[in-house]
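One structure below.
Predicted, not measured: the structure shown is a model, and the values here were computed from it.
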Amino acid sequence: MVSCSVNSVNDPTRETNDELLKQHKNVPKRLKCSVHNYDWGIVGKNSQVARLFSLNSGSDIDPGKPYAEFWIGTHKSGPSFVDHGNGNGSLSLKKWILENPYKVLGDKVMKKWGGDLPFLFKVISVGKALSIQAHPDKELAKALHKAQPSIYKDDNHKPEMALALTEFEALCGFISVKELKNMLCTFPEIVELVGDSNVKQFLHMNEQDRDDKGKTFLQSIFSQIVLSSSDEICELISNMKRRLHLEMQERELTDKEWLVLRLESQYPADVGVMAAFLLNYVKLSPGEALYLEANEPHAYVGGECIECMANSDNVVRAGLTPKQRDVQTLLSMLKYRQGFPEILRGVPLSPFTTRYRPPLDEFEVDLSILPEAASVVFPSIPGPSLFLIIMGRGTIDAGFCDGEIVKEGEAYFVPAYTEIRITAKSTKLHLYRAGVNSRFLKDSSI
């Protein structure tokens with residue numbers, strides 16, 4: 001058997017404590033997870049979410065229904081359930097954790113976040129674009145939840161990371177000053193909306209002044225677009241479509257031009273179609289990731305991904321959606337940072353495992369791709385993990401539950417101080433692990 005352990009590469013989170021492990025006798029808990037059928041999801045069997053949910057729950061896939069999000073975690077909007085083990089059926093993972101939170105979460109996690117998981121783990125299947133949106137920081141989340149608890153259902157922030165399963169498209173962050181200049185020279189519809197004199201003043205600035213004032217000018221343009229009347233937007237989009245359809249007979253349209261035409265076909269006369277011109281168009285290949293901080297504008301456009309985030313469901317929307325929008329809040333919360341976002345490719349822990357670790361305490365994600373008969377060991381750490389098998393089958397060994405079969409669609413909660421070994425029994429086994437950020441767990445000052 002080929003064997004490769006995560007801890008063999010000097011994993012900084014390893015805190016071996018045999019006595020504590022024996023005392024806890026923690027074992028992985030198989031989970032039944034939730035699904036969301038938002039209308040932007042991929043329909044029927046073409047959806048990875050549909051396939052995983054069907055395998056996880058034993059339910060049939062509805063061929064006419066969109067399957068958008070598969071949730072693994074404790075959030076009340078889509079809780080996971082664990083077998084209670086006493087004949088009384090299922091118990092929510094959150095309630096099960098609260099029966100003995102120090103035992104399953106570990107002291108550091110309990111002291112920082114209380115008796116709950118600090119992260120939420122998802123699979124996303126995007127058939128058409130999601131809303132242009134941003135997630136509030138902690139201070140704003142508390143205020144929004146207090147003022148409108150029916151809309152903003154928790155008081156937590158929601159930084160998140162999207163890790164591509166397929167080719168994945170997104171809008172993320174504002175374009176650079178250089179791209180803004182090029183866009184104003186290329187799209188007369190935006191100039192018409194903003195005002196020709198304002199645009200000329202910006203374009204005629206020297207480079208230093210343009211760089212200094214680019215953020216303010218971009219903020220003004222974005223605000224004008226998302227606050228425009230529906231009649232104004234409808235006319236501008238109609239003019240843009242007409243122009244681009246004529247020009248495509250003479251030249252090849254740019255990726256951004258094709259994108260806005262696609263967005264318009266999905267959300268006709270929507271203000272988000274015009275707002276998309278100001279956002280970076282990002283394409284991820286499988287295994288690449290995008291980290292989205294609080295107060296950053298973004299929209300998923302197409303494809304499938306693993307998503308991990310702080311344990312929240314707060315979304316402030318402004319376009320490309322039939323759902324409620326909160327434009328004034330979104331405009332006030334954005335940071336208006338410009339430039340193309342960083343693409344994360346992870347750090348290899350071993351020949352089979354790559355770690356994606358964002359700059360915050362709540363989470364990190366590991367991807368393991370195992371050939372047949374290969375093993376990976378996830379060492380005992382002072383924090384909990386969630387595991388999802390995306391492809392293949394194998395066995396899981398965890399001290400007190402050795403040799404249990406695992407297969408695609410299955411999700412597990414692994415308590416703190418639980419070392420597990422997973423061995424592939426199929427040609428290839430793909431699994432993802434979400435856990436508390438290892439930088440936080442190794443910090444002895446916490």
* Sole residue of R337, H135, Q133 in side chain to side chain donor-acceptor pair (under 3.5 Å) with E296 ->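 The single option meeting the side chain to side chain donor-acceptor pair (under 3.5 Å) with E296 is R337.
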
* K142: what forms a salt bridge (charged side-chain N to carboxylate O under 4.0 Å, His left out) with it, not counting sequence neighbours? ->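 With neighbours one apart ignored, the set is empty.
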
* Can you list the residues that meet the salt bridge (charged side-chain N to carboxylate O under 4.0 Å, His left out) rule with E247, with sequence neighbours excluded? ->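 Result, salt bridge (charged side-chain N to carboxylate O under 4.0 Å, His left out) vs E247: R243, R251.
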
Does the distance from a Lys or Arg side-chain N to an Asp or Glu carboxylate O, for [X] and [Y], drop under 4.0 Å?
| X | Y | result |
| --- | --- | --- |
| E160 | K122 | no |
| R355 | E364 | yes |
| D107 | K112 | no |
| K425 | E372 | no |
| D361 | R439 | no |
| R262 | E169 | yes |
| D255 | K283 | yes |

* **F187-F277 aromatic ring centre distance below 6.0 Å** =>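 Ring centroids of F187 and F277 are less than 6.0 Å from each other.
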
* Evaluate the ring-ring contact (aromatic ring centres under 6.0 Å, His included) criterion for residues Y432 and F387: first the C-alpha distance (whole Å), next the side-chain angles of each, then the deciding distance (0.1 Å), finally the verdict. => CA-CA 6 Å; Y432 289 84; F387 282 77; over 10 Å; no

* Partners meeting side chain to side chain donor-acceptor pair (under 3.5 Å) with Y356 (sequence neighbours left out) ->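 For Y356, no residue satisfies side chain to side chain donor-acceptor pair (under 3.5 Å) once neighbours in sequence are set aside.
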
* Partners meeting side chain to side chain donor-acceptor pair (under 3.5 Å) with S59 (sequence neighbours left out) ->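 Testing S59 for side chain to side chain donor-acceptor pair (under 3.5 Å), a comparison that skips the adjacent residues, returns S57.
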
* **Contact list for residues 32-60, test salt bridge (charged side-chain N to carboxylate O under 4.0 Å, His left out), sequence neighbours left out** =>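 Found R51-E408.
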
* **Pairs meeting criterion salt bridge (charged side-chain N to carboxylate O under 4.0 Å, His left out) with involvement of residues 384-396, two or more places apart** =>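 Of all non-adjacent pairs touching residues 384-396, none passes salt bridge (charged side-chain N to carboxylate O under 4.0 Å, His left out).
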
Do you know which two heavy atoms are closest between [X] and [Y], and how far apart they sit?
| X | Y | value |
| --- | --- | --- |
| F168 | G303 | CD1-C, 3.5 Å |
| L292 | C172 | CD2-SG, 3.1 Å |
| A310 | N156 | CB-ND2, 4.1 Å |

* To do: Report yes or no: is the cationic atom of K323 (NZ for Lys, CZ for Arg) closer than 6.0 Å to the six-membered ring centre of Y38, at no more than 45° off its axis?
  =>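 Verdict for Y38: a cation-pi partner in K323.
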
* Check the pair L171 / L259 against side chain to side chain contact (heavy atoms under 4.5 Å, CB included), numbers first and verdict last. => CA-CA 10 Å; L171 295 167; L259 172 65; 3.7 Å; yes

* Should the pair F440 and W113 be assigned to parallel (<30°), tilted (30 to 60°) or perpendicular (>60°) ring geometry? ->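 Judged by the thresholds at 30° and 60°, the geometry between F440 and W113 is tilted.
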
* To do: Assign the ring pair H75 / W71 to parallel, tilted or perpendicular, where the plane angle (0 to 90°) is split at 30° and 60°.
  =>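 Ring orientation, 0 to 90° scale: perpendicular.
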
With a 4.5 Å cut-off on side-chain heavy atoms, are [Y] and [X] touching?
| X | Y | answer |
| --- | --- | --- |
| P384 | V436 | yes |
| I175 | L279 | no |
| F363 | P358 | yes |

* To do: Mind running ring-ring contact (aromatic ring centres under 6.0 Å, His included) on Y67 and F53 for me, showing each step along the way?
  => CA-CA 9 Å; Y67 290 81; F53 178 68; 7.0 Å; no

* Is the side chain of D270 donor-acceptor paired with the backbone N or O of E264 at a distance under 3.5 Å, no angle test? ->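 The answer is no, because no donor-acceptor pair under 3.5 Å joins these two groups.
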
* Does the ring-ring contact (aromatic ring centres under 6.0 Å, His included) test come out yes or no for W40 and Y300, once each step is laid out? -> CA-CA 10 Å; W40 50 259; Y300 294 161; 8.0 Å; no

* Asked: Taking M161 as the fixed residue, which of L344, I306, L290, L360 is the one that meets the side-chain contact (heavy atoms from CB on, under 4.5 Å) rule?
  ->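 Single side-chain contact (heavy atoms from CB on, under 4.5 Å) partner of M161 among L344, I306, L290, L360: L344.
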
